Amino acid sequence: MSADALITACTERLEPLERAVNRAWWDANTDASEDTQARRADAEVALSNALADADTFAAIRDARARGTADPSAARALEMLEQEYTPHQIDTTLARSIIDLQSSIESRFSRHRGTIDGAPVDDNAIAEVLHSSDDADRRKAAWEASKTVGVAVADDIRELARLRNEAARSLGYRDHFAMTLATSDFDERRLFNTMEAVDEITAAPFAAMMSSLDERLSARFDIAPAALRPWHYDDPFFQEVPVAIGMDLDPYLGELDIDDLTSRTFDGMGLDVRPVLQRSDLTPRERKTQHAFCIDVDRAGDVRVLSNNVPGEKWTETMLHEFGHAVYFDGVDRALPWTLRTMHHCLTEGVAMRCGRLVREPEWLSAIAGLPTDVVDKLAPQLRTFRQTSLLIFARWVLVMTHFERGLYANPDGPHDTRWWDLVERYQLVRRPDERHAPDWAAKIHIAAAPVYYHNYLYGEMIASQLAATVGSLVNRRDAGRFLSTRVFEPGASLRWDHLIEAATGSPLSPTVLAHELAR
Ligand SMILES: [Zn+2]
């Protein structure tokens with residue numbers, strides 16, 4: 001079979017199955033029930049079975065070995081090989097992995113922790129951690145955020161064992177190594193980058209933490225050494241605490257998030273109204289509590305799930321998710337289906353670039369309509385906030401990436417302790433006393449989006465590199481055009497690192513973070 005015929009055959013087989021998976025995924029997340037979960041698992045099994053087809057896989061490898069003069073066909077074959085590889089495993093094992101992951105995710109969707117016996121959702125927990133001065137109540141909220149971990153930890157370890165069994169049957173060290181190898185990442189280079197990020201951020205992060213701890217110790221009237229995770233404002237310390245942050249809710253709390261979102265992208269010449277229409281944006285029972293954007297069919301059916309409450313947090317989330325949306329929507333539909341996608345770190349980079357807008361002076365005045373004198377007064381704080389938030393997030397990604405590598409190196413390891421070792425090492429947050437619990441398992445990504453978190457750090461670097469190249473995105477149609485033509489349209493026809501180099505003129509480097517922190 002010619003390369004083109006093979007690519008066409010794969011597309012005809014995979015396209016409807018992927019669309020079915022995406023629709024079922026959407027249904028399961030907007031209406032979590034046994035039924036929608038079961039349909040989602042079935043759809044995933046059907047796609048996974050197609051990707052497990054050994055004859056097709058052999059034909060793809062053959063075609064790659066023969067080579068092709070057409071770069072687009074060569075890239076499509078490379079992508080197909082990466083997609084098929086993890087599925088060349090025992091079908092019973094594949095089914096067990098899908099079933100177990102889907103069951104864990106369903107428990108995440110339905111689980112509610114409790115405070116004083118009353119069930120609370122993630123927004124209620126966030127509210128206590130954001131605003132309460134009562135340390136006991138904060139502790140109760142923080143603990144409520146972790147109870148899901150106890151419910152799923154044993155199954156996550158089992159899932160890691162199964163994922164490793166699959167990876168090893170394909171000749172990889174473990175699931176961690178396989179995921180990187182089949183997603184255009186080199187493990188050694190990744191950890192070199194992690195080390196560079198550690199070096200770049202260690203000193204400014206430590207300085208930031210000592211001033212933060214000083215303020216928190218005054219606020220809660222305890223010694224800095226007595227501070228524990230619940231004194232910081234989100235369950236994993238991924239975000240800037242209120243004590244050193246800036247609360248934009250007084251300025252954004254009255255504004256309509258959908259309107260802010262569409263006007264932000266209008267300014268770049270990108271119309272998001274059709275995506276808004278298809279989206280599910282308000283909180284409800286039996287609905288996934290975080291947010292995501294999904295490209296259902298690589299042909300324009302792009303949707304966002306969110307749980308909007310007026311204010312800064314969900315405004316940023318919406319700008320982030322609609323950054324994904326315009327990217328999905330902007331991929332050149334004339335490309336072959338296989339290439340009508342993009343690497344995770346690129347889509348995260350664009351999404352993060354858009355999410356950052358909410359704290360940029362230009363956006364606050366032009367889109368949110370704040371008076372100039374107010375924005376001028378906020379500007380220095382906004383810059384500090386931006387740097388603090390980058391520091392906190394980078395250190396958190398170091399925890400996640402190192403944790404996951406260790407989880408797959410030995411699923412039976414002492415992970416409850418390891419987790420806190422890493423949190424103390426990278427985040428400088430002291431572990432709770434006398435606590436023996438699988439707090440790591442309460443982070444949904446470990447089960448649902450394994451070996452993914454590094455993409456967010458690369459996303460931050462890409463966002464910074466794009467900002468350095470393009471400048472502001474506020475009411476800049478030319479910037480929108482740059483993103484559309486240089487970043488969105490090529491889809492996956494270039495490998496992610498080549499695309500960034502081609503678009504921005506230089507290879508991606510962690511030094512962009514150093515520049516961001518020095519500004
Ligand atoms: Zn994202």
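Being a predicted model, the structure only gives us computed values, none of them experimental. FYI, side chains are in, hydrogens and waters are out, and symmetry mates aren't considered; it's all heavy atoms of this structure.
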> Under the ring pair (Phe, Tyr, Trp, His ring centres under 6.0 Å) test, which residues partner Phe236, sequence neighbours left out?
Replying inline: Trp396

> Please walk me through it: do Arg476 and Asp266 pass salt bridge (Lys or Arg N to Asp or Glu O under 4.0 Å)?
Replying inline: CA-CA 9 Å; Arg476 290 266 321 275; Asp266 280 346; over 6 Å; no

Specify the closest pair of heavy atoms between [X] and [Y], including all atoms of both residues, with the distance to one decimal.
{"X": "Asp122", "Y": "Gln289", "result": "N-OE1, 2.7 Å"}
{"X": "Ala463", "Y": "Gly349", "result": "CB-O, 3.5 Å"}
{"X": "Cys293", "Y": "Glu321", "result": "N-OE1, 3.2 Å"}
{"X": "Leu276", "Y": "Asp258", "result": "CD1-O, 3.9 Å"}
{"X": "Pro490", "Y": "Leu335", "result": "O-CD1, 3.5 Å"}
{"X": "Leu305", "Y": "Thr30", "result": "CD1-CG2, 3.7 Å"}

Any sub-3.5 Å donor-acceptor pair from [X]'s side-chain atoms to [Y]'s backbone N or O?
{"X": "His498", "Y": "Leu494", "value": "no"}
{"X": "Thr8", "Y": "Asp4", "value": "yes"}
{"X": "Thr288", "Y": "His290", "value": "no"}
{"X": "Arg486", "Y": "Ala502", "value": "yes"}
{"X": "Gln238", "Y": "Asp234", "value": "no"}
{"X": "Asp332", "Y": "Glu489", "value": "no"}
{"X": "Lys287", "Y": "Ser109", "value": "no"}
{"X": "Asp249", "Y": "Glu312", "value": "yes"}
{"X": "Asp53", "Y": "Ala50", "value": "no"}

>> Would Leu319 and Trp363 count as a side-chain contact (heavy atoms from CB on, under 4.5 Å) here? Give the steps.
In response: CA-CA 11 Å; Leu319 297 180; Trp363 185 89; 3.9 Å; yes

>> Evaluate Tyr456 against Met400 for side-chain contact (heavy atoms from CB on, under 4.5 Å), listing each step before the verdict.
In response: CA-CA 11 Å; Tyr456 294 122; Met400 280 293 283; over 6 Å; no

Side-chain donor-acceptor contact under 3.5 Å, [X] with [Y]:
{"X": "His324", "Y": "Thr347", "answer": "yes"}
{"X": "Glu348", "Y": "Tyr327", "answer": "no"}
{"X": "Thr193", "Y": "Arg189", "answer": "no"}
{"X": "Arg298", "Y": "Thr341", "answer": "no"}
{"X": "Ser306", "Y": "Asn308", "answer": "yes"}
{"X": "Ser464", "Y": "Arg356", "answer": "yes"}
{"X": "Glu362", "Y": "Ser472", "answer": "no"}

Hey, what do you get for [atom1] ([X]) to [atom2] ([Y]), rounding to the nearest 0.5 Å?
{"X": "Ile7", "Y": "Thr68", "atom1": "CD1", "atom2": "OG1", "result": "7.0 Å"}
{"X": "Leu407", "Y": "Trp440", "atom1": "CG", "atom2": "CH2", "result": "5.5 Å"}
{"X": "Asp329", "Y": "Leu270", "atom1": "CG", "atom2": "CG", "result": "9.0 Å"}
{"X": "Arg61", "Y": "Glu81", "atom1": "CZ", "atom2": "CD", "result": "5.0 Å"}
{"X": "Tyr453", "Y": "His445", "atom1": "OH", "atom2": "NE2", "result": "4.5 Å"}
{"X": "Ile200", "Y": "Thr511", "atom1": "CD1", "atom2": "OG1", "result": "6.5 Å"}

Taking [X] first and then [Y], would you say they form a salt bridge - that is, a charged N and a carboxylate O separated by under 4.0 Å?
{"X": "Arg163", "Y": "Asp174", "value": "no"}
{"X": "Arg95", "Y": "Asp42", "value": "yes"}
{"X": "Glu105", "Y": "Arg40", "value": "yes"}
{"X": "Glu460", "Y": "Arg386", "value": "yes"}
{"X": "Asp301", "Y": "Arg278", "value": "yes"}
{"X": "Arg23", "Y": "Glu18", "value": "no"}
{"X": "Arg284", "Y": "Asp31", "value": "no"}

>> Which residue is it: Phe176, Phe403, Phe185? I am looking for the one with a ring pair (Phe, Tyr, Trp, His ring centres under 6.0 Å) to His454.
In response: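 Testing each of Phe176, Phe403, Phe185 against His454, the sole residue satisfying ring pair (Phe, Tyr, Trp, His ring centres under 6.0 Å) is Phe185.
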
> Any ring pair (Phe, Tyr, Trp, His ring centres under 6.0 Å) pairs touching residues 22-51, not counting sequence neighbours?
Replying inline: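 Listed by first then second residue: Trp25-Phe292.
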
> Would Glu360 and Arg383 satisfy salt bridge (Lys or Arg N to Asp or Glu O under 4.0 Å), going step by step from the backbone distance to the final call?
Replying inline: CA-CA 8 Å; Glu360 289 176 7; Arg383 191 172 52 244; over 6 Å; no

Within a strict 4.5 Å, meaning less than it, do heavy atoms of the [X] and [Y] side chains meet?
{"X": "Ser48", "Y": "Ile98", "answer": "yes"}
{"X": "Met461", "Y": "Pro510", "answer": "yes"}
{"X": "Ile294", "Y": "Val302", "answer": "no"}
{"X": "Met268", "Y": "Phe482", "answer": "no"}
{"X": "Arg110", "Y": "Arg286", "answer": "no"}
{"X": "Leu14", "Y": "Leu80", "answer": "yes"}

> Mind checking whether Trp496 and His343 have parallel, tilted or perpendicular rings, split at 30° and 60°?
Replying inline: tilted

>> Over 60° means perpendicular and under 30° means parallel, so tell me whether Phe322 and Phe265 are parallel, tilted or perpendicular.
In response: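 Taking Phe265 first and then Phe322, their aromatic rings sit tilted (interplane angle of 30° to 60°).
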
> Can you name the residues that form a side-chain hydrogen bond (donor to acceptor under 3.5 Å, both in side chains) with Ser33, not counting sequence neighbours?
Replying inline: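 Partners of Ser33 by the side-chain hydrogen bond (donor to acceptor under 3.5 Å, both in side chains) criterion, ordered by chain and then number, come out as Thr36.
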
>> Val451 vs His175, test: side-chain contact (heavy atoms from CB on, under 4.5 Å). Steps then yes/no.
In response: CA-CA 8 Å; Val451 197; His175 179 73; 3.9 Å; yes

> Cation-pi between Arg405 and Phe191: NZ/CZ under 6.0 Å from ring centre and within 45° of the ring axis?
Replying inline: yes

>> I'd like to know whether Asn475 forms a side-chain contact (heavy atoms from CB on, under 4.5 Å) with Ile367, so could you lay out the CA-CA distance, the side-chain angles of the two residues, the decisive distance to 0.1 Å, and finally the verdict.
In response: CA-CA 9 Å; Asn475 288 335; Ile367 307 292; 4.0 Å; yes

> Given Thr182 and Gln82, is the side chain to side chain donor-acceptor pair (under 3.5 Å) satisfied, shown in steps?
Replying inline: CA-CA 5 Å; Thr182 55; Gln82 290 188 356; over 6 Å; no

